[in-house]
Amino acid sequence: MQAFFQRLLALDRRWVFLLVLLSVTIPIVIPIGLPVTTTSSTRSAFEFIEALEPGDIVWLSFDYGPSSAPENDPMAEAFLRQCLLKKVRVIVSAFYPLGGLDLANQVVAKVTAEYPDAKYGVDYINLGYKDGAAAVMRTLGQDITSSFPTDVNGRPLSEFPIMQGIRTVRQIDLVFTVATGLIGEWWITQVHSQFGTPVIIGPTAVSAPKYYAFLNSGQLVGMLGGMKGAAEYEKLLAAKHASFRKFYGETVGFTATKGMDGQTVLHGVILGLIFLGNLAFFLTRGNRAGGA
Amino acid sequence: MNLEFGRVTLVVLFALLPIAGIALGLRAPALRSKIPLLVAFFAGLIPIFSMYIPKKFLSGESGMSPRLDQWLIIVAGFALLLGITNVVSNGYRKISRRDRGWPYAIVLLTGLFVMGGFGIYGAISGKGIGFLPDGSATPFRWVWSAVFQPLQSTIFALLAFFMASAAFRAFRARNTEATILLIAGAIVMCGRVPLLEFLASPFPALAPSAAAASQFMGRATEWIMDIPNGAAQSGIIIGAALGAGSMAIRVILGIERGYLGLGKGE
Amino acid sequence: MSASVRLTASSLVVLTLLLSTVPAGAVAPVTTPPPPPELPAPTAFVAVDRPGDGGNAILLTWTDPAPLPEGAMLEVRRSEPPADEFVELQTVKPGVQRYVDASAEDGKTYRYELRVRGAETPDSLGIAGAVGPALVSDPVSPHDNWFRPERTNSLVASVLFIIFILSSIAFARSGKPIFIRRIAGLNAVDEAIGRATELGKKVLYIPGIQSMDEIQTIASIAILGHVARATARYGTDLDVPNKDPLTFISAREAVHSAYLAEGRPDLFREDMVHYVTYDQFAFTAAVSAQMTREKPAAIFLVGYFFAESLILAETGQSTGAIQIAGQADPTQLPFFVATCDYTLIGEELYAASAYLSREPVLLGSMRGQDIAKLVLLTVGIVGIVAVSLGATWFLDLVQTQ
Amino acid sequence: MQMDLIGTWLAAFLTLAAFSFLYKDNPFFRFTESLFAGVSLGYYVGIVLNQTLLPNLFIPMAQDFKTNWDLLVPGLLGLMLYMRSAPRIGWISRYALAIYVAYYIGVDFTRRIHGEVMPQIARTIRPLQAFDGPTLVSLIFIVGVYSVLIYFFFSKEQNAVTRPIARLGTWFLMISFGAAFGFTVMGRVALLIGRLNFLILDWIYPTIGR
């Protein structure tokens, strides 16, 4: 036993690397489905969106970059799926400078492929990327076309039925911002506080704590905090709609639920390693003292 | 010609004075270090005055302080070529001497010239380095998405492995300090994921208390991040700011000049 | 003129409203509408250049009349030459008693008019949108100013700090001894270089990944100067890879002059300080690879690092090198503390060059920093006592804008 | 489409080669690391040229020389940097470096005093007038900040009073380091999940037709 612990203390770190790799890979390939308890901020976001009627119009903004995609992608995908299923119309934009547009294009292409009935320009539209988020948001209260004269492919917005009668962000029923940094906060401070449009945010786990203040003050309808929040959301979707139960149960694609499995297992593995390390340290302490 | 007071002063201080200094320095070697330090003194005072004096010539949109900032962004842009020159000459030497690993120097220089070439082409042709009007990627952008971006994220992702191995080794209760580090780290790691719920999942009877404990850990995490961690960070920031401030005074007054290769103080 | 026209128009509206809303049975034999009661006028109306700004703004202040009718607003109007007509700028709620006209332009002269405007919806007397008598300001023009009064406290703090530092330097220059307590990480510098010398391996020094606009980089270059002098003395090989080109230039100057100062220009090679690439993670990959290939005996990670800190330090750790890290910014310190043998925390980074060189000027400025800390602690404790006793104004002395 | 497929395979190869460093240094990693260094440097050539020098120097001078004539000076200072490699007049490069360093250090000086020292001290000035939970929390925060500050006193030997306080300061530092380490794990794992998603879902699954 002593010898085992001695060896554990001098463990080649490549064994640790292998453990890390396995504990993240396995849940992606074979979902485990660990229990997730839903929190009130996610539930209020879900219920607000569930209460929207067919024909209502929402704004989905991609305000994050590739480095937080595993946390943020599932939020944007779940929201888009829910809207398309409920026939809520969606306007998509991107404000994150480095790669926000790429992610918007990918997510929109992926999710709309699952809903062949949804028509571009009628049920959803992609406005593309715009530089200078804070300034652009201020103009959305007067005239959307002043900042977004065309869609992502350069066609004038007036050509699209979805934009008929939509002039300002005041007419939008909900903004959902999937965000890493400051841009999400601007939707609250620039758009909600000036034009009154309800806002739901999907921040990364690191920036989630600062949004609790906005939740408490009622400036946010709801929040999906990090990958955990996204996993909660997937759980709520699956509980409500049979089609989502099937989809999230069977998809080979990435979901926040799978990511959360990996996160939890890896945190457990690291804590287990730390525990074993300390155990070995204490059990072999006598030896070391004698040896020295 | 725009001959505002602020702009002319900038040119006098940071073009005419250095040129005069260079001319004098060619004759008198002692001035080769003194006049740069004098010029630095003026450059350091401008933003400090601008903090308290809102006069337009100094702090307005194109006043001295913002304008000098715009200038220096350009100067920093020029510096990159010095780095590139160094990389190219080191690589060239490696290849011509057939030093160990010289074929990799060829890979490096090829990557540099191809990607740099695409970038220069984008600037000269006016096509830029993003997407073409038809929505297809420029060559610069294609290499970015096939080589640069994946490698950047992969090296960044190595951190997940290193975090685990560093935690395994460092989080050990060797003494009081290390024990405190270990406990704080363990609580926060538990509080970030529903780990307790996971461990309790085979025992349904434990589920409610595990959920409660998990929520408690979450709140404890927030408290630790906010209060003890926030306090320690404040303390570090205040101390470091004083150290930085005193270093700034020494640099502006020309006492600290090692960064110019001028040796130490007096 | 225009006001009286509007008055008649609004009285007509009032009349129709009265006739339409009052229940039939209650209709009194009205023949003429009651004359509108006079609206009060604000007092002490002053328009001045907004103090402490960069121009293009006028500050208006006044005292609201009391009592104001329900729903009444204050209307600010402006005239500018050559037209003398007053144009509405803004209506302000009662109680604010100030307005900043940020649309004014330097060099133009303006006059402002302030009056009370009654509620837009009819009040109990049925009066809507009536206006009271107007006050007109003296002509005023905006200009830029010489001082921001709201920054007085930080100016005082800065001046005091400069005085502490300079007087302590003067104190040190006069030859008085200055004590500096032991800093373990800095005692280890010589030990690390000594070990590299014994083993005949190189010393790797990474001055962070920021440019020379960051003070931590400048502090790191100062420490690099000491390390380079030691490697010059012992004839140990030194290697300084760089991510930022300006830092690269500066590091090379510092190393070169260190070798000259030690009288060993023969040992200095240009490629001791070399440039790698401008990308954070490409730099990390290249330097980590270099660590595993060359296995330096001592690694210095001193300066401003970001996420790459842990990759570099953990790779260095696996090669068995003695590692000394230093960073003033708290974000990456946890990773250095976990993986390096010694870590210079926060202010210790700036203390390093004084500690290593023992130069009076530098030691003196450290003493100045300590005086500043003592003053801060005193201000903090006095402040806590003051606000606990209800003197909340104390906080305004410290808060910056 | 063909280019997309090539791009995916290239990215997958490079990703695997970069991960192979975790096992040990090898020729694939060495190739990748060299390529990355070269391409990234070339990338910044494109970025600096297209996003710094063109919009800040060349375009303003070409469009409105009368307003922007002064931009000749940074051009001149930039060229002075290159004098470094000239043997006898290398000292000329000092001017550019000195101006650059001193300007930003001046900016930094005011930012440190005005934006860091004063607001952080202001954060500790909290009323302590009741015996309740929030007051206790305030007290812990205040003690934490001040004990860490006392740890950073260098010019006095620690005595019977300050030594235990400084020790307490190091305990706060350790809580902070441990907690910040634990807090960061999650974000880093997300990065790894991102790369594995790419390998498994964008590369392996389409290739094996799943």
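Note that these values count all heavy atoms, side chains included, but never hydrogens, waters or copies made by symmetry.
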Quiz item: Non-hydrogen atoms of chain D under 4.5 Å away: do they reach the side chain of C/E348, the backbone, both or neither?
Solution: both
Practice problem: Report the option among D/A37, D/P119, D/G90 that has the most heavy-atom pairs separated by less than 4.5 Å from atoms of chain C. | Solution: D/A37
Quiz item: Given a strict heavy-atom distance threshold of 4.5 Å, which part of C/A372 is in contact with chain D: side chain, backbone, both, or neither?
Solution: neither
Quiz item: Which answer fits C/I371, side chain, backbone, both or neither, if we ask what part of it has an atom under 4.5 Å from a heavy atom of chain D?
Solution: neither
Exercise. Considering only heavy atoms and a distance below 4.5 Å, find which of C/L246, C/V385, C/I381, C/I178 pairs most often with chain D.
Key: C/L246
Self-check item: Heavy-atom contact with chain D under 4.5 Å, split by part of C/Y278
Solution: both
Practice problem: Against chain D, label C/Y275 side chain, backbone, both or neither, depending on which of its atoms sit under 4.5 Å from a heavy atom there. | Solution: side chain
Quiz prompt | Neighbours of chain C found in residues 124-139 of chain D - heavy atoms under 4.5 Å | solution = D/T124, D/I125, D/R126, D/P127, D/L128, D/Q129
Quiz item: Relative to chain D, which segment of C/A351 carries a heavy atom at a distance below 4.5 Å: side chain, backbone, both, or neither?
Solution: side chain
Quiz prompt | Side chain / backbone / both / neither for C/S288 at chain D, heavy atoms under 4.5 Å | solution = both
Quiz item: Which pairs count as ring pair (Phe, Tyr, Trp, His ring centres under 6.0 Å) when at least one residue sits in residues 342-392 of chain C, sequence neighbours excluded?
Solution: none
Quiz prompt | Option that, when pairs with chain C are counted at under 4.5 Å, heavy atom only, ranks first among D/Q158, D/R30, D/K156 | solution = D/R30
